[in-house]
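Letters A, B, ... are given to chains in the order of the sequence lines, protein chains preceding strands, and every chain is numbered from 1. The analysis underlying the following values was restricted to heavy atoms, covering all of them including side chains, and did not include hydrogens, waters or symmetry mates.
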Amino acid sequence: MLSVRNLTGGYSNIPLIHQLNFHVNPSEMVGLIGLNGAGKSTTIKHILGLLQPLEGTITIHGKTLEEDPSFFRKRLGYIPESPQFYEELTLWEHLALTAHAYDLTDEQLQERGEVLLKLFHMEKRRDWFPQMMSKGMQQKLMMITTFLIEPDFLLIDEPFMGLDPLAMQQLLQLLEHRKKRGTGILLSTHILEIAEKYCDRFLFLHHGKILIQGSLDEIRTQLNQPNSSLEALFLAITQ
Amino acid sequence: MAYAPRSDKDRGFHANQMKTVDHLFQERRNHSWIQALRIMRLISSSSGFPILVGLLLILLYAGYRQLFQLLHPSFPINPILAGCIAWSITFSFFRTWLQKPDLLFLLPMEHKLKPYFQASLRYNRLFHGFRISLILILLYPFLVRSLTNSLMILLFFLLIMGYQMIYTRICWDLLTVEHKWIQWGLFCFHFLCIDALLEQWWILFAFSSVMLLVLLLWIRRSTPFYPWPWTLMIHLEQKRVSFYNSMASWFMELPRKKSVIKQRKVLVNLLRRFERRPSVFSYLYWRRFLRDDEYLYPYLRLFIFSSVLMVFLPNPYLMLFLYIFSLILTAIHLSTLTNRDQYPLWIALYPKPTESGLTQISLTLLGLQSVFLSVIAGFVHSKWWFGGGLFLLGGLFIATYHWFYLPHSQQQKKKPTGFYPP
């Protein structure tokens, strides 16, 4: 289980998120919902260890990053909001580097890499450099790299930006597939219809605080709006 | 519909806009020089640097004098002089200080930018005039030996300077004529003209000058006035800036500028043949080194520069200095491979420590450099014990770098667990 307890943090000692408490179970997709600047990306960066919390603990299967960095990092996968890549590596070399970093065997690299390239229609681009790719392709590169390691938990920050409808569908299918195989997913998105359809639980973040969390039905009950959509619920809370 | 000023306020805005465009080149040039001077000041104020440069200059001067004395009077110095001068004239670069955002902001005003490029031409003429005169002054002892007559030397100076002024204009035209062979053709004619002038073969000089003139006229005529090659000019400007940055980064850490990445399939395929399950960061650093111009070129330049100086200035003290100096520079340069700001944030998420990656690449490249330079030194000095001694010294240096400097510098770069600046 990925567990976040009393997390307070931000940039340069200025707290942007306050006393967050939540968890992500295996085989569960949790939607992180909030307006721009609500603290979604900051929360994800804290979980990844890219920012140091001012207060609180983050554990994966009971272990913190400080206790066992290798164990912690091997279990986390991340797809960032904007494309991140090594300019000097081709698509396949990105996969090879990731395989080296996460101790995958050559067979695992070959097998998983080929499947993912085919799935995202990138087989012909395996020797391309990211600079030669469109933004959507760069986004796919990041996804392929992340799915290659088959992590226990996936943190995804606005994954649908720049993707064509087909790639978006493939990503969602892949997320469903990973979820069935035991991966816990924390999905930050503004596309509420997708979140409503695919996520099991939701965290509504506003000004760095969790206003409400639970399944759609639980939130409907708490807000006393039995038939509302996720979007309506979100607007009701934030307005 | 074209925009026309309708009020005094609009007219004022237009006048200001023109004034801004007129002064834009000057502003950019001044800014660039101020930056360069600031960097030079920072480098020169760092501990030990003035002593190092002073020592290098004294040794270079001693080596230069020794070379001058060693050269037999029958040595064909003229073709070498002609080659040096022809090279520096032909491959003159043209600075415009254009930037990528200019495609958005300046390109639509292309028709109003003539003063900008005229100012750029004036600057380049002045700069290259200064540059060629510096080269001629450095070559002066050889020119005296070659031309003997002081009137001839003066005429040669004036002729080369005058031609450089004209040729700077041609450099601008060459931006739109993208064929590489034209530049090589120009180099051949420059070489012929200068060599004929130095040898005082007047018929050959007249013939090659006419041919050169025809080629220059053809270039002038075949260059369209519009459109200006914006993307090429921006690309060349980036290349020039990254060249200066890579030079400066030998002496101090600079904020990372965007560098040029090339595929270099042959080199990477060669690397793959020797790679046996490399560590994750070794895999990354090798590819960064081979494909990034900011790493490969300085290494090769240093390698070639040291080798050439060792061959032409065979002073044992200078060779010793060059050997150690080039190893130090390479070591410092390679240690910048681990700078995290040049990589995406993935590097902070890997479950592996970054320290181990640099060892393999730095040992290989420093080892190669030390072996090669020792062999050259032994060969030039005709005493193998000298080469062997240098090799041992190099080994000692590499061991110190590996066991003491590297762990210390990596420790300093290491951030608290997992922390990565936002």
Does A/Glu93 form a salt bridge (Lys or Arg N to Asp or Glu O under 4.0 Å) with B/Arg272? I'd like the steps, not just the answer. CA-CA 12 Å; A/Glu93 284 169 348; B/Arg272 276 191 205 127; 3.2 Å; yes
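- Dense packing is recorded around CZ of B/Phe91, with more than 12 heavy atoms of other residues, nucleotides or ligands lying under 6.0 Å away.
- Of all the heavy atoms in B/Pro344 and A/Gln84, the pair that sits closest is CB-OE1, 3.4 Å.
- With contacts defined as side-chain heavy-atom distances shorter than 4.5 Å, the pair A/Glu88/B/Tyr285 does not qualify.
- Within 6.0 Å of the CZ atom in B/Phe93, the count of heavy atoms belonging to other residues, nucleotides or ligands exceeds 12.
- Contact annotation: the side chain of A/Tyr86 never approaches that of B/Ile261 to less than 4.5 Å [non-hydrogen atoms, C-beta and beyond].
- Proximity to chain B (any heavy atom under 4.5 Å) is restricted, for A/Thr146, to the side chain, taken from C-beta onward.
- Taking 4.5 Å as the heavy-atom cut-off, none of the residues of residues 149-158 of chain A approach chain B.
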In sequence, state the C-alpha distance, the side-chain angles, and the governing distance for B/Phe281 and A/Leu97, and then conclude on side chain to side chain contact (heavy atoms under 4.5 Å, CB included). CA-CA 8 Å; B/Phe281 293 104; A/Leu97 182 78; over 6 Å; no
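- Using a 4.5 Å cut-off on side-chain heavy atoms (C-beta onward), A/His100 and B/Tyr350 make no contact.
- Ranking A/Thr145, A/Leu76, A/Asp103 against chain B, the residue ahead of the rest is A/Asp103, based on heavy-atom pairs under 4.5 Å.
- Around atom NE2 of A/His61, more than 12 heavy atoms belonging to other residues, nucleotides or ligands sit under 6.0 Å away.
- Counting heavy atoms of neighbouring residues, nucleotides and ligands inside a 6.0 Å radius, atom CD of A/Glu111 does not exceed 12 of them.
- Within the 4.5 angstrom heavy-atom criterion, atoms from both the backbone and the side chain of A/Tyr78 approach chain B.
- No side-chain heavy atom of B/Val280 sits under 4.5 Å from any side-chain heavy atom of A/Tyr102.
- Here NE2 of A/His94 is found 9.0 Å from CG of B/Leu284. Values are rounded to the nearest 0.5 Å.
- No donor-acceptor distance shorter than 3.5 angstrom exists from the side chain of B/Lys352 to the backbone of A/Ser70, with no hydrogens or angles considered.
- Within the structure, salt bridge (Lys or Arg N to Asp or Glu O under 4.0 Å) pairs that include any residue of residues 115-129 of chain A comprise A/Glu114-A/Arg126 (at least two apart or interchain).
- Between B/Leu349 and A/Leu50, the closest side-chain pair of non-hydrogen atoms falls below 4.5 Å.
- Atom NE2 of A/His207 sits in a sparse spot, with 12 or fewer heavy atoms from other residues, nucleotides or ligands closer than 6.0 Å.
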Where do B/Arg291 and A/Phe129 land on the side chain to side chain contact (heavy atoms under 4.5 Å, CB included) test, with the steps shown first? CA-CA 11 Å; B/Arg291 285 178 173 148; A/Phe129 284 92; 3.4 Å; yes
